[in-house]
Amino acid sequence: MLRFAPSPTGDLHIGNMRAAIISYILSCKMDEKFIVRIEDTDVERNIKDKEKDILDLLERFEIPTNHYVLQSSNFDLHRALSQKLLDEGKAFYCYCTKEFLESKREEAAKEKRPFRYQDSWAEIEKDTNPNPVIRFKMTDSMSFVDEIKGKLFFDKKELESFVIMRNNLPTYNFACAIDDKDMTLIIRGEDHVSNTPKQIAIKNALGYKEAKYAHLPILLGEDGKKMSKRDKSSSVKWLLEQGLFAKSIALYLLMLGNSKLEKCILDNKAFNYKDLVAEVDISQFSNNSVHFDYKYLLFLNREILRSMSAGEILSLDEKLFHYGLPKNEALIDVFKLEVSTILELKELLDYALVPIESKLSKEYETEINILKDCLKDKSLFELDYEDFKKALMEKSGLKGKAFFKPLRIILSGKEHGIELDKIYPVIKDFLKGEK
Ligand code: GLU
């Protein structure tokens, strides 16, 4: 079994979406079940209804959410297993207060040594603290072989007995380790590397079978720094709001740091990411940090948009987004070649599809007025482009730039862009029909 385990504490970050897509596609390849586990253990940081947003987004990315669990529904099991670990002497009550631990931390800082919890402190405040936590006893050094990073070793000196239950609720590491019981491959961001030895230690103590782990390198923003939640483009929702297809974002996240898939996607125009199932392997993903390049994502989106028929574009995402595109396939086929996203497509059409009267040009005000006057004769739009051009030139007495610039504005609403002979045949019926 594989899983994606988002926390409902904020907008879904593209780093998380990357882990979700890779996990899901590998579950298809391995022919194993895939589940979504909402990690709602951090009761204070949970945002109401965030899980619904996350599930909706996953669905837009064609990641199935029919097997989904809330981590909180497992709290009873977490509690029972903490008791089992206590009974077996693998965990212990720790009565240290915050103040006590803070003083130890300051002491360590003063002596310029790293702070480590000592098991011998556990009962110092037993008589005065009625609210102990439960800690898991870390005894040994740990190592594991990461599918991307290779062998990782954690010295006993770096590991300490850590809290698994606080106020009768499991901590993230404890709940995660228990709920990962049946996982075969766990894929997540490398910010979790330091949690893995703790989770493995818990699983070993509970006699669970071993899972493989793969930690994906963090994504860097355009400034070369870790993409924080404050970078707009780190939010999957924001990217979709820019009119990018979920499909392009998914493919882009699969190609990042994976040159084999990148080549496969671009060379074969394999734009359905499920077609990549046979090609993907966890070892392909680079261990080097990868740059998130918005321009490249736009390029990919443009390629995908171009590969789609007008009919497909019009039937897109109808439930979720209403782009208000005119149901005119010929128009869409011409205009789609000019843009990178569906929102840009809509914007371009919005310029073109306004009555001739409202199309304005400061620079060519006189000329555009002359053309508008001539075009009151709607029969001109019966002609094909060459004849239309000739007839209009003759009628208006304009030529060269003074003819073509205002004509372009009348046909497309813009001074630059699509060639006139391409736009004319698809827009003439609209212009002819207007009152
Ligand atoms: N809830 C954790 C997160 O969102 C999950 C990490 C994991 O996959 O174990 O970062």
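For ligands, and for the atoms within them, numbers begin at 1 and follow the listed sequence. Please read these numbers as outputs of a predicted model, since none were measured by experiment.
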Inset, instruction - Just jot down the ligand 1 atoms closer than 4.0 angstrom to any heavy atom of Cys176, in number order. - result: 9 (O)
Legend entry - Member of Glu190, Arg188, Glu147, His192 meeting the side chain to side chain donor-acceptor pair (under 3.5 Å) criterion with His215: Arg188
Inset, instruction - Measure the distance from atom 8 (O) of ligand 1 to every protein heavy atom, then report the residue, atom name and distance (to 0.1 Å) of the closest one. - result: Arg3 NH1, 2.6 Å
Inset, instruction - Check each atom of ligand 1 against the heavy atoms of Glu39 and keep those under 4.0 Å away; list them by number with element. - result: 1 (N), 2 (C), 5 (C)
Inset, instruction - Report the member of Arg188, Met183, Arg37, His192 with the shortest heavy-atom distance to atom 3 (C) of ligand 1. - result: His192
Legend entry - Where ligand 1 meets Asn16 - atom numbers and elements under 4.0 angstrom, heavy-atom basis: 4 (O)
Legend entry - Sub-4.0 Å heavy-atom approach of Phe4 to ligand 1: no
Legend entry - Phe144 and Phe154 aromatic ring geometry - parallel, tilted or perpendicular at 30°/60° bounds: parallel
Inset, instruction - Go through the structure and list residues passing side-chain hydrogen bond (donor to acceptor under 3.5 Å, both in side chains) with Thr65, not counting sequence neighbours. - result: Glu59
Inset, instruction - Give the residue, atom name and distance (to 0.1 Å) of the protein heavy atom nearest atom 4 (O) of ligand 1. - result: Ser7 OG, 3.4 Å
Inset, instruction - Kindly write out the residues that satisfy salt bridge (Lys or Arg N to Asp or Glu O under 4.0 Å) with Arg45, not counting sequence neighbours, or none if the list is empty. - result: Asp42
Legend entry - Identity and separation of the nearest protein heavy atom to atom 5 (C) of ligand 1: Ala5 O, 3.0 Å
Inset, instruction - Please confirm whether Gln199 comes under 4.0 Å of ligand 1, counting heavy atoms of the residue only. - result: no
Inset, instruction - Classify the angle between the aromatic ring planes of Phe292 and Tyr252 as parallel (below 30°), tilted (30 to 60°) or perpendicular (above 60°). - result: perpendicular
Inset, instruction - Check the pair Leu220 / Met227 against side chain to side chain contact (heavy atoms under 4.5 Å, CB included), numbers first and verdict last. - result: CA-CA 5 Å; Leu220 303 178; Met227 265 185 122; 6.0 Å; no
Inset, instruction - Describe, in one word, how the ring planes of Phe136 and Phe162 are oriented to each other, choosing from parallel (under 30°), tilted (30 to 60°) and perpendicular (over 60°). - result: tilted
